[in-house]
Amino acid sequence: MCISQSNKLFRLKPIVFKIALVFLLSITINRDHIPSNSPSVAQTPQSPRLSLETMRFDGNLSFDNIQHASKDFGNRYHLMPTAVLYPKSISNIAQIIKHVFNLGLTSHLTVAARGHGHSLEGQALAPDGVVIDMESYKSPVMTFHTGEKHPYMDVSAGELWINILHESLKRDLTPKSWTDYLHLTVGGTLSNAGISGQAFRHGPQINNVYRLQVVTGRGDVVTCSDEQNADLFNAALGGLGQFGIITEARIALEPAPTKVKWIRALYSDFTTFTNDQERLISHSRGAFDYLEGFVVINRTGLLNNWRSSFNPRDPVQAEQFTSDGRILFCLELAKYFNLEGVGEIELEVDSLLTELSYIRSTLFLSEVSYVDFLDRVHMSEMKLCENDMWDVPHPWLNLLVPRRSIHSFAEEVFHNIVKDTSNGPILIYPVNKSRWKNGTSLVTPDENVFYLVALLSSAMPYSVGRDGLDAILARNRRIVKFVGDSNLGIKQYLPHYTTTQEWRAHFGDKWEVFLRRKMAYDPLAILAPGQRIFPRANAFVRH
Ligand SMILES: Cc1cc2nc3c(=O)[nH]c(=O)nc-3n(C[C@H](O)[C@H](O)[C@H](O)COP(=O)(O)OP(=O)(O)OC[C@H]3O[C@@H](n4cnc5c(N)ncnc54)[C@H](O)[C@@H]3O)c2cc1C
Ligand SMILES: *[C@@H]1O[C@H](CO)[C@@H](O)[C@H](O)[C@H]1NC(C)=O
Ligand SMILES: *[C@@H]1O[C@H](CO)[C@@H](O)[C@H](O)[C@H]1NC(C)=O
Ligand SMILES: *[C@@H]1O[C@H](CO)[C@@H](O)[C@H](O)[C@H]1NC(C)=O
């Protein structure tokens with residue numbers, strides 16, 4: 001979020017919460033487990049504010065300092081909560097949830113954890129409910145366990161990844177798997193997956209966590225791992241906040257490098273590009289530490305802005321390379337190293353690069369510190385903030401495309417639907433999930449190798465043209481429709497749907513498990529209402 005907020009926020013119609021899942025819940029909920037103070041005939045629900053004001057509670061529950069909790073990075077949904085909890089302890093969180101749970105079917109109250117509020121579609125909002133400001137809660141210290149064979153650190157889930165990076169580097173250690181942007185919270189990314197250029201080696205962030213502490217939708221505080229309460233552990237990982245509030249996480253660490261060789265090279269042929277990407281992720285070891293890629297659409301001229309801090313290996317030829325406005329694909333790689341090992345690394349990188357088939361004159365290299373590499377998007381954030389272009393609407397679309405479909409997808413989406421303007425970066429890179437943790441709530445395509453395709457659009461405020469919100473949303477709808485109609489086995493990442501049918505289709509054969517876990521850990525559907533998967537169970541919509 002920019003420090004000086006611009007007031008030019010879009011005012012959009014509040015979305016209407018009307019998922020017809022009540023029906024489904026009403027037949028599945030085991031009513032014995034629900035507090036039975038609910039009326040059997042419909043009457044007016046208790047005022048949410050009143051029911052919070054009258055509870056006995058010694059935590060910091062604010063009815064005034066709530067404005068920031070009504071919006072997110074997507075900047076399209078603006079919905080006020082009734083109150084924001086600034087927790088001082090885990091038991092504050094448990095108390096609030098228990099209170100809401102005990103109101104049972106007499107209340108509409110919901111509870112959402114808010115990490116850094118960097119959701120795209122209102123997922124961290126709780127309209128008329130309680131938002132828990134996780135970032136304001138810091139456990140006393142981050143605790144390190146460095147003597148072990150597998151070192152780790154315990155952190156509070158509201159901690160930003162950037163702070164975790166800085167703290168772990170003080171001990172020459174680092175987490176293994178990241179997101180492209182580090183001003184996100186641990187709880188927020190673990191509720192999705194946390195996928196970036198390291199995921200092909202280490203799996204997403206949910207693969208690199210040994211233990212969680214969770215407050216369930218019943219207000220119970222539970223420690224879980226693969227050994228203990230494994231079902232809740234798996235449920236919470238990639239669980240879209242549906243099963244509990246993650247309060248603490250134990251993060252896997254490894255020795256930290258100090259420097260990074262950062263490489264970009266261009267391709268004009270899509271198949272050559274994906275072949276090289278797939279070849280690189282199949283190296284079992286000794287290959288790169290990070291692999292991503294992006295689409296370069298309609299950039300005419302000398303292609304200077306996307307590589308400003310990179311040096312061409314062949315300056316003379318690179319100077320002459322022009323794109324003619326055709327679509328290009330940029331492979332992005334990184335190799336970590338320490339200064340003592342620099343000679344060896346250079347040989348290794350050169351040998352890996354000779355295997356590849358990029359356009360020879362377009363190899364660009366850069367050498368940066370490990371921190372600057374990982375925090376790279378924050379640098380762009382600061383620039384965009386200066387131009388008032390960070391706090392704009394972000395109609396993003398993230399898809400996981402199975403390998404067998406990537407060519408049909410690219411043909412239709414890059415060459416047809418978004419052929420002229422992209423309104424922001426389009427990332428594309430493969431991962432291989434065969435060694436990823438199985439059984440979490442994360443939904444992926446059925447094929448082991450799939451591509452993350454991220455269309456990270458920014459809408460120009462007030463524009464009604466191709467760079468405006470409506471045009472980008474229309475384009476996204478075309479893509480989603482194509483994906484739905486074409487039966488390509490594509491899944492959404494950071495999924496967003498409005499009907500139960502769509503959610504069911506998204507989860508596919510994981511739906512039954514997801515539903516069972518919901519009944520077990522949050523039977524009233526109190527948690528993370530902004531995901532709009534389950535409506536809050538209550539007595540007033542029942543007939
Ligand atoms: C600039 C930018 C770059 C990004 N890059 C990547 C990337 O490279 N890879 C990637 O995988 N994702 C990426 N994302 C997406 C990001 O991981 C998600 O949007 C994530 O949810 C944001 O984290 P947050 O802390 O802001 O969560 P919030 O938006 O605050 O919350 C997200 C959801 O999780 C729930 N939640 C939050 N905290 C908790 C908790 N402690 N326990 C239970 N539920 C909780 C919320 O209720 C909400 O439903 C990016 C987002 C942005 C804005
Ligand atoms: C994916 O990983 C598995 C296990 O390491 C391997 O057998 C398989 O060949 C990989 N697939 C590709 C396309 O790299
Ligand atoms: C490419 O972008 C320019 C503006 O930079 C625009 O005028 C032109 O129409 C675009 N070309 C195509 C093929 O869409
Ligand atoms: C992953 O889990 C599913 C069910 O949760 C199971 O059917 C499948 O066989 C598992 N796959 C592997 C590779 O363990």
Side-chain angles (χ1 to χ4, degrees), residues 1 69 71-75 87 93 110-126 129 131-135 137 156-161 177-200 204-206 212-217 236-249 275 277-284 292 374 376-378 380-381 384 390 394 396 398 400 403 424-425 427 429-436 442 447-450 452 454 456 458 493-494 496 522 527-533:
M1 212 60 76
K71 53 185 199 248
D72 61 18
F73 180 81
N75 206 351
I93 298 174
T110 54
V111 179
R114 178 184 178 86
H116 202 47
H118 272 43
S119 287
L120 284 310
E121 320 241 18
Q123 286 96 335
L125 310 184
V131 167
I132 304 183
D133 189 315
M134 297 303 292
E135 208 184 325
Y137 170 70
S156 78
E159 198 60 77
L160 294 179
W161 284 102
S177 190
W178 297 95
T179 44
D180 293 344
Y181 175 65
L182 306 187
H183 296 246
L184 305 171
T185 67
V186 170
T189 70
L190 292 182
S191 296
N192 286 295
I195 301 175
S196 180
Q198 298 86 7
F200 81 93
Q205 290 180 321
I206 56 171
L212 297 175
Q213 184 190 57
V214 173
V215 181
T216 70
L237 295 173
L240 308 175
Q242 294 303 300
F243 309 106
I245 310 259
I246 302 170
T247 44
E248 277 178 27
N275 282 351
Q277 283 191 320
E278 286 176 21
R279 174 207 292 269
L280 288 167
I281 66 160
S282 71
H283 274 277
S284 51
E292 289 197 6
L374 290 178
R376 61 198 177 277
V377 176
H378 186 54
S380 313
E381 172 182 2
L384 289 169
W390 185 254
H394 293 104
W396 286 11
N398 284 271
L400 305 177
R403 179 178 181 234
L427 309 184
Y429 57 91
V431 292
N432 182 343
K433 70 165 178 189
S434 58
R435 279 170 296 167
W436 291 16
L442 175 66
E447 195 172 344
N448 272 343
V449 175
F450 58 85
L452 177 78
L456 309 178
S458 295
Y493 177 56
L494 313 174
H496 170 70
D522 181 25
L527 298 174
Q531 300 278 1
R532 303 195 291 164
I533 308 172

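Order of listing sets the numbers, starting from 1, for every ligand and every atom in it.
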Contact between A193 and ligand 1, counting heavy atoms under 4.0 Å? no
Between the candidates L125, V131, V111, L184, which shows the shortest non-hydrogen contact distance to atom 4 (C) of ligand 1? L184
D72 to ligand 1, any heavy atom closer than 4.0 Å: no
Indicate whether the side chain of S177 and that of Q198 have a donor and an acceptor atom separated by less than 3.5 Å. no
Which pairs of N or O atoms, one from ligand 2 and one from the protein, are separated by less than 3.5 Å, and what is the distance for each pair?
unit_1   : atom_1 : unit_2 : atom_2 : d
ligand 2 : 2 (O)  : N432   : OD1    : 3.4
ligand 2 : 2 (O)  : N432   : ND2    : 2.2
ligand 2 : 2 (O)  : S434   : OG     : 2.8
ligand 2 : 11 (N) : N432   : ND2    : 3.0

For the backbone of L184 and the side chain of H118, can you confirm whether one donor and one acceptor N or O come within less than 3.5 Å of each other? no
Would you mind finding which of P529, S191, G239 brings a heavy atom closest to atom 34 (O) of ligand 1? S191
For atom 35 (C) of ligand 1, the protein heavy atom that lies nearest, with its residue and separation: A113 O, 4.0 Å
Between T189 and W161, is any side-chain donor less than 3.5 angstrom from a side-chain acceptor? yes
Heavy-atom proximity to atom 51 (C) of ligand 1, best of Y137, F73, W161, W396: W396
Can you check whether L527's main-chain N or O pairs, donor with acceptor, with D522's side chain at less than 3.5 Å? yes
Measuring from non-hydrogen atoms of I245 to any atom of ligand 1, is the shortest distance under 4.0 Å? yes
Donor-acceptor contact present, side-chain D72 to main-chain G122, <3.5 Å: yes
One finds that the ligand 1 atoms under 4.0 Å from a non-hydrogen atom of G244 are 43 (C)
So which of V215, T185, L190, L237 actually passes side chain to side chain contact (heavy atoms under 4.5 Å, CB included) with I246? L190
Is it true that G117 lies under 4.0 Å from ligand 1, counting heavy atoms only? yes
Output yes when a side-chain donor or acceptor of N192 lies under 3.5 Å from a complementary backbone atom of G188, and no otherwise. yes
Listed by chain and number, what are the side-chain hydrogen bond (donor to acceptor under 3.5 Å, both in side chains) partners of E248, not counting sequence neighbours? none
Sub-4.0 Å heavy-atom contact, Y493 with ligand 1: yes
